[in-house]
Engineer: 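Please read through the structure below; I'll follow up with questions.
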Amino acid sequence: MAGPRRSRWLLAGLVAASLGAAAALTAPELLVNGLLLGCALALGAVGLSAAYGILKFIHLAHGEFMTLGAYLALFFLMEVLPALGLDSAGLGLFTFGYALLLALPAAMAGASLAAVGLDWAVYGPLRRRSAAPIVMAMASLGVAFALRALVQMVWGNGIHQYPRASREFIQLPLDIRVPPDYLFLGAAAGIMALLLQVFLARTRIGRAMRATADNPVLARVSGINTEATIRWAWVVSAFLAAAAGVLLATANAQLRPELGWNLLIPLFAAAVLGGMGSIYGALTGALVVGVAMEVSTQWLNPSYKSAVAFGILLLCLLFRPGGLFGERE
Amino acid sequence: MLEIVNYLAGFAILASVYAVLALGLNVHWGVTGLMNIGIAGFFALGAYTTALLTTPPPDPAKFEQFVFGGNLPGLFQRWGVGGDLWFLAGLAAAALVCALVALLIGLVTLRLREEYLAIVTLGIAETIRRVFLNESWLGNGSRGLYQIPKFLGNLAAPWLYDLLYAGVALALLLALFFIVERTLRSPWGRVLRAIREDEVTAAASGKNVFRFKLQAFVLGALIMGIGGGVYAHGFRFIDPFTFDPLLATFIVWVMLMVGGSGKSAGALLGALVIWGAWSGSQLLPGYLSNPNLRYLLLGVAMVLVLLLRPQGLLGRR
């Protein structure tokens, strides 16, 4: 066991180190921004990978959870909180106000409610009929388009923005300039990753989730309620996706209905690179993909960012289809 | 009167194109169980291939940005080949390009877990769309190609071209339908169905599962490429936005699932029903014709079919 595992880490380290070195030499600013954006991708990819680990199908509506979360936050920021006299922008060095700190958890809760509802209405019935994983994936594609259409019906097809005040970029050493909201994004993502780690390692539900991901049959035999575990998996996955959506909409200073759909390929690239189903793998994969996407803009049209992620995905499937941390195919 | 005829002709052309795409998807998903969610990519490749081969070279006076227009109709005329045979050459090239791309995708993904094909086709479709959007030297960028020649344009007055072409598209669709049906009824088609039902058993009976899947994937993609070609000469304008995942991938899936996955006739029926409902609802009054509402209903239709009638209208359990 020691051999392959060590080589796996060695390979991951090599990939990360060479990417990092190339990036640091050519574009330190893009490297830093890429790492911070990678944090947002990580939140999305972790949820995608965890859902795959437990539900055993690729959830194509995961990007739409991000979109939904971001728009729910918009709803709270524009309608609910101002009605309570809680509208604000420009908290300290950030463009957003403390209202966002209230809207973020509310949006996360709303998105996980939607996920549990979808499981009840769509995925659960299919699962009980033991539909093939690929049929579940098809259903999730239908759900993705329906959710996207719903968002566009309610909020229109145009671009929105959270309430914001203009703020200076933050000047770091090496002439690196970072938008302040990116720092918030990185910090918030880091905190959530830590909370997730505690949840998975310390709580009964978290341990049940890991057990189910490892071996569903064995988990059921040892008395784990797999249906409840699956519901929790949806909650966690939508929670993180919504957080990623809100943080990205904040950091990008704009919100479009395509937000989540356009990130689907980068998310899958991160999850596959980390090994589908592996949570820590997805985290690492997302950082690598995030940096690669940002640094590529040094040479490539930024419109190709998702193509860069797709390139990583292809290379990974060609040379290491099990991912850096996953099991061998 | 003429307006109605032209409307119906336009409807028939698009319905035929969608039916061809659904026919290809049926080879992938319905018969072999391959999940291709990048139909838009093959659709675009097919359309751009024949469009670029037949469009006249760019005109500097019009500030056209693309560098290559094959002008096949002109070349065929110079070679003394009449009868608008360049059309078939364009379609063949469209099919060939799609087959090659499918071969590459298949070589990478078809040995792996089945979900990887879905992810990769999704990515390739998006990448193709972005390449045509950004590389304006290739396909004139977002301005698109607008001088795609008419097939048999000399035979009909300009206002009757749509009607004529609707006949061409329908004839091509029927021809493809019979060829595909024939192929799927052969022993080769039976192996594909066996793979869909149980890969392990198929492999145990000595079938090279990977190779059969690869052949099926290439065949389906080739059909989709022809669909793209038929579209290009029917509307004679294409741009990257034509190949949006919603109207070029998802709606084809809904068509096949509603019509009855696994049957070529189901693909045809689904294309007719869904395209009829889609374009018919455009005429509804007020909010009912809102595109977002119709998108929502498409998504819901997909989920409902999977939940309530997975065999679709024509299929059996």
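Letters A, B, ... mirror the listed sequences (proteins, then strands); counts begin at 1.
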Engineer: For A:Ile134, is it the side chain, the backbone, both or neither that has a heavy atom under 4.5 Å from a heavy atom of chain B?
Structural biologist: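 For A:Ile134, heavy atoms of backbone and side chain both lie under 4.5 Å from chain B.
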
Engineer: Identify the heavy atoms of B:Leu307 and A:Pro125 that sit nearest to each other, and give their distance.
Structural biologist: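 Answer, listing the atom of B:Leu307 first, then A:Pro125: CD2-CB, 3.8 Å.
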
Engineer: Which answer fits B:Glu114, side chain, backbone, both or neither, if we ask what part of it has an atom under 4.5 Å from a heavy atom of chain A?
Structural biologist: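 The answer is both parts of B:Glu114.
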
Engineer: Run the numbers on A:Met276 and B:Glu115 for side-chain contact (heavy atoms from CB on, under 4.5 Å), then give the verdict.
Structural biologist: CA-CA 11 Å; A:Met276 281 298 266; B:Glu115 295 93 3; over 6 Å; no

Engineer: So for A:Leu147, is it side chain, backbone, both, or neither that comes closer than 4.5 Å to the heavy atoms of chain B?
Structural biologist: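 Neither part, no heavy atoms under 4.5 Å.
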
Engineer: Just verifying a value: how many Å separate A:Asn301 CG and B:Arg130 CZ, rounded to the nearest 0.5 Å?
Structural biologist: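 If we round to the nearest 0.5 Å, A:Asn301:CG and B:Arg130:CZ are 9.0 Å apart.
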
Engineer: Please report the closest heavy-atom contact between A:Trp261 and B:Pro245, naming both atoms and the distance.
Structural biologist: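 So the minimum-distance heavy-atom pair works out to NE1-CG, 3.7 Å.
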
Engineer: Determine, step by step, whether B:Tyr116 and A:Val272 satisfy the side-chain contact (heavy atoms from CB on, under 4.5 Å) criterion, reporting the C-alpha distance in whole Å, the side-chain angles of both residues, the deciding distance to 0.1 Å, and the verdict.
Structural biologist: CA-CA 9 Å; B:Tyr116 287 156; A:Val272 169; 3.9 Å; yes

Engineer: Kindly give the heavy-atom pair with the smallest separation between A:Ala149 and B:Leu296, and that separation in Å.
Structural biologist: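 Smallest interatomic distance, heavy atoms only, reads CB-N, 3.3 Å.
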
Engineer: Find the one option among B:Gly33, B:Gly299, B:Gly123 whose heavy-atom pairs under 4.5 Å with chain A are most numerous.
Structural biologist: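 Top option by heavy-atom pairs under 4.5 Å: B:Gly123.
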
Engineer: Give me the atom names and distance for the closest heavy-atom approach of A:Tyr304 to B:Val131.
Structural biologist: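 Nearest pair, atom of A:Tyr304 first, then B:Val131: OH-CA, 3.5 Å.
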
Engineer: Please classify the contact of A:Ala121 with chain B as side chain, backbone, both or neither, using a heavy-atom distance under 4.5 Å.
Structural biologist: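 For A:Ala121, the backbone is the part near chain B, not the side chain.
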
Engineer: Rounded at 0.5 Å granularity, tell me how far CG in B:Asn292 sits from CE in A:Met153.
Structural biologist: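 If we round to the nearest 0.5 Å, B:Asn292:CG and A:Met153:CE are 7.0 Å apart.
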
Engineer: Distance from A:Leu60 atom CG to B:Ile119 atom CD1, nearest 0.5 Å?
Structural biologist: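 One finds 7.5 Å between CG of A:Leu60 and CD1 of B:Ile119.
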
Engineer: Verify side-chain contact (heavy atoms from CB on, under 4.5 Å) between B:Leu298 and A:Phe145, making sure each step is shown before the conclusion.
Structural biologist: CA-CA 8 Å; B:Leu298 269 190; A:Phe145 279 99; over 6 Å; no

Engineer: Nearest heavy-atom pair of B:Pro310 and A:Arg129: which atoms, and what distance?
Structural biologist: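 That would be CG-NH1, 3.8 Å.
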
Engineer: Could you tell me which portion of B:Ile124 (side chain, backbone, both or neither) has an atom closer than 4.5 angstrom to a non-hydrogen atom of chain A?
Structural biologist: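 B:Ile124 touches chain A through backbone and side-chain heavy atoms alike.
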
Engineer: Are B:Tyr295 and A:Gln152 side-chain neighbours, meaning at least one heavy-atom pair lies under 4.5 Å?
Structural biologist: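 Yes, side chains in contact.
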
Engineer: Roughly how far, to the nearest 0.5 Å, is the CG atom of B:Leu122 from the CG atom of A:Leu264?
Structural biologist: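 Rounded to the nearest 0.5 Å, the CG-CG separation comes out at 5.5 Å.
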
Engineer: As an exercise, state the distance from CD1 of B:Ile37 to CE of A:Met138, rounded to the nearest 0.5 Å.
Structural biologist: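 Result: 7.0 Å between the selected atoms.
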
Engineer: Please round to the nearest 0.5 Å and tell me the distance separating atom CG of A:Leu317 and atom OG1 of B:Thr109.
Structural biologist: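 Between A:Leu317 CG and B:Thr109 OG1, I get 7.5 Å after rounding to 0.5 Å.
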
Engineer: Quick one: what part of A:Lys56 sits under 4.5 Å from any heavy atom of chain B, side chain, backbone, both or neither?
Structural biologist: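 Backbone only.
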
Engineer: Quick one: what part of B:Pro291 sits under 4.5 Å from any heavy atom of chain A, side chain, backbone, both or neither?
Structural biologist: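 For B:Pro291, no heavy atom lies under 4.5 Å from chain A.
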
Engineer: Can you see which heavy atom on A:Pro321 is nearest to which on B:Leu112, and at what distance?
Structural biologist: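 Smallest heavy-atom distance, with atoms named: CB-CD2, 3.4 Å.
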
Engineer: At a 4.5 Å cut-off on heavy atoms, which part of A:Val151 comes close to chain B: side chain, backbone, both, or neither?
Structural biologist: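 For A:Val151, neither part sits under 4.5 Å from chain B.
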
Engineer: Against chain A, label B:Val120 side chain, backbone, both or neither, depending on which of its atoms sit under 4.5 Å from a heavy atom there.
Structural biologist: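 Answer is both: backbone and side chain atoms of B:Val120 are under 4.5 Å from chain A.
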
Engineer: Could you tell me which portion of A:Ser303 (side chain, backbone, both or neither) has an atom closer than 4.5 angstrom to a non-hydrogen atom of chain B?
Structural biologist: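 Both backbone and side chain.
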
